[in-house]
Amino acid sequence: MYFIAGILSIIIVVLAIFQTKKIENIEEKEEEKINFESSETIELYNTQNDKIENVNLNYYLLCVVASEIPFKYEYEAIKAQVVVARTYLFNKIVNNLEEKGDVCDDYRHCQAYTPLEKLNEIWKNKGFTDKEIEEGKEKIQKAILDTKNQVIIYNGKIIDALFHASSPQRTEDAKAIWSCEDIPYLKSVENVEDETYENRNSQTILPYSVFKNTLIEKGYVENLTDEEMLNTKISEYTDSGRVKTIQVGNYKIKAEDLRTLFGIKSTNFTLSVDSENIVFNVIGYGHGVGLSQVGANTYAKLGKTYDEIIHHYYTGVDIVDGYEYTKEK
Ligand SMILES: [Zn+2]
């Protein structure tokens with residue numbers, strides 16, 4: 001009896017210690033919120049003026065997440081995007097992937113990054129009140145602190161945390177789209193997305209002259225007749241149901257190349273061709289690999305937490321608290 005009472009009191013003491021620790025952590029977090037300039041800085045390559053700027057890490061994450069997704073998104077979706085953005089950055093640093101700085105501000109090469117000043121302007125132009133803007137920023141900052149140091153790893157190594165806007169029904173396998181090596185954590189997975197997303201359906205209309213001249217200019221074809229263009233068709237699909245290649249005349253062209261060449265929103269398209277235009281009827285937005293931002297928000301609405309969302313989009317990964325690395329100069 002005394003023995004059990006003894007054990008119980010030890011448990012109570014241990015719980016009390018944990019409780020204090022928790023309170024300490026919260027205080028620590030609040031301090032950082034006031035002064036988030038205190039933590040680490042990164043080297044951001046500004047592609048506009050060709051200069052490298054030292055930027056506070058958390059400030060960088062705030063700007064990236066605010067540039068990448070609406071702050072009105074669900075809190076768990078924002079947390080997921082924070083962990084993805086941090087992982088994406090650390091992967092660049094650890095593997096020394098950039099020519100200049102740790103990361104650049106160009107969304108086509110790295111992650112979208114708009115400085116806060118500019119973001120404020122954009123939000124105001126969109127009609128958000130000062131209060132809404134303040135609350136939006138606080139929400140993202142809280143997500144940064146609530147997931148402090150967390151990054152995604154696979155097999156002990158930091159992952160290439162690719163993400164995109166929207167891929168209704170299924171995401172894409174990295175290997176299928178880029179013909180790269182197999183990347184076990186970037187597989188095609190089922191995806192549920194809110195159907196009201198504004199870029200869910202889109203259309204790209206290319207007049208024959210634009211289609212032909214661009215393909216000639218970029219070295220994809222030597223020439224194309226009107227008849228050949230009229231017979232343009234999809235020749236291959238990937239396993240996830242996206243277009244892999246199209247056939248025009250004697251040429252096979254990768255859908256992913258067409259997407260980037262002509263600004264088509266995704267490779268999930270059907271074709272309709274008439275005597276003047278090649279029309280791409282498109283579903284979704286982006287390359288379709290990794291986390292879907294619209295999907296993450298939808299899953300958050302359905303009650304999924306940020307770690308469940310991350311585990312859903314990146315197969316077989318772990319989320320770890322901190323990742324030590326030595327930066328080589
Ligand atoms: Zn870059």
Side-chain angles (χ1 to χ4, degrees), residues 39-69 78 80-119 122 140 143-144 147 149-154 157-167 171-172 174-175 177-181 183 185-186 218 254 256-267 285-293 296 310 313-314 317 323 325-329:
S39 55
E40 203 174 341
T41 58
I42 59 145
E43 289 179 357
L44 175 73
Y45 174 52
N46 185 328
T47 53
Q48 305 289 314
N49 62 14
D50 192 28
K51 285 201 173 109
I52 292 172
E53 298 163 5
N54 282 317
V55 178
N56 168 265
L57 169 65
N58 285 355
Y59 175 81
Y60 168 78
L61 290 176
L62 169 66
C63 295
V64 166
V65 173
S67 311
E68 283 288 351
I69 53 172
I78 291 182
Q81 183 77 47
V82 167
V83 177
V84 164
R86 188 185 291 115
T87 305
Y88 188 92
L89 166 73
F90 279 18
N91 179 52
K92 290 269 176 182
I93 296 175
V94 171
N95 293 307
N96 220 351
L97 297 178
E98 293 282 294
E99 262 177 49
K100 295 181 180 176
D102 294 328
V103 72
C104 76
D105 61 1
D106 186 349
Y107 75 95
R108 287 160 300 184
H109 191 256
C110 289
Q111 319 190 78
Y113 170 90
T114 313
L116 211 43
E117 228 168 72
K118 188 90 190 293
L119 283 169
I122 295 169
I140 299 171
I144 292 168
T147 62
N149 293 330
Q150 289 181 18
V151 289
I152 311 165
I153 61 166
Y154 180 88
K157 285 192 179 140
I158 195 146
I159 70 161
D160 185 7
L162 295 178
F163 58 89
H164 61 278
S166 155
S167 54
T171 67
E172 183 57 293
K175 190 181 173 184
I177 195 164
W178 291 305
S179 312
C180 55
E181 270 176 45
I183 306 177
Y185 56 83
L186 292 176
K218 301 286 178 186
K254 281 184 186 167
E256 176 59 11
D257 290 354
L258 293 173
R259 182 180 78 86
T260 48
L261 271 182
F262 296 107
I264 300 163
K265 286 199 165 67
S266 94
T267 55
Y285 196 178
H287 51 57
V289 179
L291 177 136
S292 149
Q293 292 168 327
I310 288 169
Y313 287 113
Y314 303 104
V317 298
Y323 191 83
Y325 66 95
T326 323
K327 199 170 151 185
E328 285 173 33
K329 283 278 168 192

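As the structure lists them, so they are numbered: ligands from 1, and atoms in each ligand from 1. These values consider heavy atoms only, across backbone and side chains, with no hydrogens, waters or symmetry-generated copies.
- Taking the ring pair (Phe, Tyr, Trp, His ring centres under 6.0 Å) definition, one finds that Phe262 meets it with Phe211, sequence neighbours left out.
- In this structure a side-chain-to-backbone donor-acceptor pair under 3.5 Å is missing from Asp102 to Lys92.
- For a distance threshold of 2.8 Å, the protein N, O or S atoms nearer than that to the Zn ion (ligand 1), listed by chain and number, are Glu98 OE1, Cys104 SG, His109 ND1, Cys110 SG.
- A donor-acceptor pair shorter than 3.5 Å cannot be found between the side chains of Gln81 and Glu68.
- With sequence neighbours excluded, the residues that form a ring pair (Phe, Tyr, Trp, His ring centres under 6.0 Å) with Tyr113 are Tyr60.
- For the residue pair Tyr88 and Gln111, the shortest heavy atom distance occurs at CD2-CG, 3.3 Å.
- By the side-chain hydrogen bond (donor to acceptor under 3.5 Å, both in side chains) test, Lys100 is found to be paired with Asp50, residues two or more places apart in sequence or in another chain being considered.
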